Amino acid sequence: MPELPEVETVRRGLMAVFEGATLIKAEQNRADLRFPFPKDFVARLEGHKVHSLGRRSKYLLADIEADKVLIMHLGMSGSFRIETEQTKKMPGLFAHTRSKNEKHDHVAFHLAPPNAPNVKVIYNDPRRFGFMTLAKRSTLETHPLFEKLGIEPLGNALNGAFLSKRFANKKTPLKAALLDQRIVAGLGNIYVCEALWRSGLDPRRSANTISGRSGNGTKATERLAHDIRATLHDAIEAGGSSLRDHVRADGSLGYFQHTFAAYDREGEPCKRLGCDGTIQRIVQSNRSTFYCPSCQR
DNA sequence: CCATGACCCTGTAAGC
DNA sequence: TGCTTACAGGGTCATG
């Protein structure tokens with residue numbers, strides 16, 4: 001589930017408890033998630049201070065003293081929740097959900113923030129497509145996970161010229177090209193659908209065909225670059241506001257409600273002003289694509 | 001290089 | 001109320 005906006009929302013929610021805190025204890029409840037945990041995972045974390053909590057694409061990166069970085073990926077179903085004395089004692093509104101899910105609590109970090117009571121941060125992941133590992137901070141860019149990763153979609157590197165260049169000669173459909181993490185890193189199935197809808201582009205169209213002008217006269221790649229950024233920004237804002245300080249009443253962090261224009265709206269009317277089309281669902285690269293055949297061309 | 005499908009794993013919703 | 005099937009927002013790998 002979590003794409004870049006969700007991961008960014010989780011990062012903001014965890015920042016306050018991670019940054020400057022000492023990792024006094026870590027618990028690891030199984031040997032592996034998607035991948036095995038590194039050797040001595042817990043021991044290599046305990047007793048160390050966390051400098052900062054960052055993000056690259058859909059990866060959360062905790063900078064830890066002594067040139068270490070804790071890499072965390074949420075996969076499809078990963079989420080965090082924060083337990084304090086308060087949330088622990090909170091009566092049963094979420095008790096049912098919680099007990100049901102507790103068997104998927106795989107990791108817990110006990111953190112001592114500089115000027116606040118200790119907290120416990122719990123990682124829960126039913127499908128276990130997420131993972132955690134440790135790396136050297138100073139050589140992170142050459143780490144196998146990051147070596148081939150494309151640009152951040154929220155930075156200045158994403159613009160029309162970049163897309164024009166990377167999409168030239170690409171006959172692959174726009175949908176697949178935008179899902180390719182080696183070009184732009186952090187987009188997933190939902191936000192690719194949403195960005196293409198905003199730009200009025202048909203997801204089936206070959207990537208190399210959008211170097212021309214779009215309807216309003218701007219270059220189509222420029223419009224797409226702009227719409228990708230706008231889509232992500234809006235989703236991050238929605239995440240922030242819907243979580244109230246990014247933490248729900250029960251301490252959970254992860255998914256948030258968001259209204260989509262195309263994604264998961266098969267058979268429903270297109271939301272574009274003046275368009276009377278109906279959202280269709282097709283399958284591309286073995287995944288659902290939602291789009292409006294009448295205004296996405 | 002590209003496209004496709006299988007796979008990793010569990011939970012949920014829909015259909016019978 | 002089962003039971004079965006399809007599908008889910010992540011990514012990787014083998015194959016044609």
Side-chain angles (χ1 to χ4, degrees), chain A residues 1-10 29-37 55-60 71-80 96-106 123-133 143-150 153 166-197 203-209 228 231-232 234-236 238-239 242 252-267 281-290:
Chain A
M1 108 53 104
E3 298 183 30
L4 189 151
E6 290 79 11
V7 176
E8 176 61 19
T9 299
V10 170
N29 298 328
R30 51 179 297 134
D32 61 80
L33 292 174
R34 167 153 198 195
F35 307 121
F37 283 92
R55 178 190 57 76
R56 169 81 168 98
S57 182
K58 300 168 195 169
Y59 298 89
L60 284 169
I71 302 167
M72 299 176 278
H73 196 290
L74 303 175
M76 294 272 263
S77 59
S79 66
F80 286 95
H96 177 66
T97 320
R98 181 171 308 173
S99 65
K100 207 162 125 191
N101 287 334
E102 258 172 16
K103 63 173 167 179
H104 298 304
D105 288 351
H106 305 306
Y123 178 69
N124 181 287
D125 187 355
R127 290 177 75 180
R128 304 203 299 275
F129 286 174
F131 62 90
M132 292 190 190
T133 193
H143 189 282
L145 288 169
F146 299 94
E147 204 177 12
K148 292 179 178 171
L149 217 50
R166 297 300 301 268
F167 285 0
N169 306 324
K170 265 208 178 302
K171 290 192 187 147
T172 200
L174 278 172
K175 172 80 185 303
L178 290 178
L179 277 178
D180 187 342
Q181 303 294 303
R182 295 168 303 181
I183 303 173
V184 178
L187 299 177
N189 206 33
I190 291 179
Y191 296 108
V192 167
C193 290
E194 292 299 299
L196 287 172
W197 179 85
R204 299 167 301 179
R205 203 166 140 182
S206 292
N208 64 2
T209 65
I228 289 169
T231 302
L232 297 177
D234 287 357
I236 290 170
S242 81
S252 70
L253 277 159
Y255 314 163
F256 53 85
Q257 286 305 111
H258 192 52
T259 52
F260 303 119
Y263 183 79
D264 207 20
R265 294 194 66 244
E266 183 181 17
R281 173 186 178 271
I282 58 171
V283 174
Q284 290 180 293
S285 320
N286 248 356
R287 312 188 71 176
S288 292
T289 296
F290 298 88

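The chains referred to below are lettered A, B, ... by the order of the sequence lines, with proteins before strands, and numbering in each begins at 1. Remember, predicted model here, so these are calculated numbers, not experimental data.
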Verify stack between A/F129 ring and B/dC9 base, 5.5 Å, 30 degrees: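 So no, this residue does not stack on that base, at least one cut-off failing.
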NZ/NE/NH1/NH2 to OD/OE distance under 4.0 Å, A/R30 and A/D32: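 The answer is yes: the pair qualifies as a salt bridge.
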Short side-chain N/O contact to [N] OP1/OP2 from [X], under 4.0 Å:
| X | N | value |
| --- | --- | --- |
| A/S285 | B/dA3 | no |
| A/S77 | C/dG10 | no |
| A/H104 | B/dC9 | no |

Sequence-aligned protein contact record of nucleotides 11-16 of chain C, with B where the base is within under 4.0 Å of a protein heavy atom and S where only the sugar-phosphate is: BS----
Pairing annotation in dot-bracket form, given for DNA chain C with Watson-Crick or G-U pairs under 3.5 Å and | for cross-strand partners: .|||||||.|||||||
C1' spacing across the pair B/dC1 / C/dG10, given as an integer number of angstrom: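 Rounded to whole Å, the distance is 24 Å.
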Separation of the P atoms in C/dC3 and B/dC8, to the nearest angstrom: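 25 Å, rounded to whole Å.
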Residues A/N124, A/D105; criterion side-chain hydrogen bond (donor to acceptor under 3.5 Å, both in side chains); working and verdict: CA-CA 4 Å; A/N124 181 287; A/D105 288 351; 2.7 Å; yes
CA sep, side-chain torsions, deciding dist, call: A/F260, A/F290, ring pair (Phe, Tyr, Trp, His ring centres under 6.0 Å): CA-CA 10 Å; A/F260 303 119; A/F290 298 88; 9.5 Å; no
Sugar-phosphate, base or nothing in reach of A/R281, heavy atoms under 4.0 Å: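 The answer is sugar-phosphate, as A/R281 gets under 4.0 Å only of primed atoms, P, OP1 or OP2.
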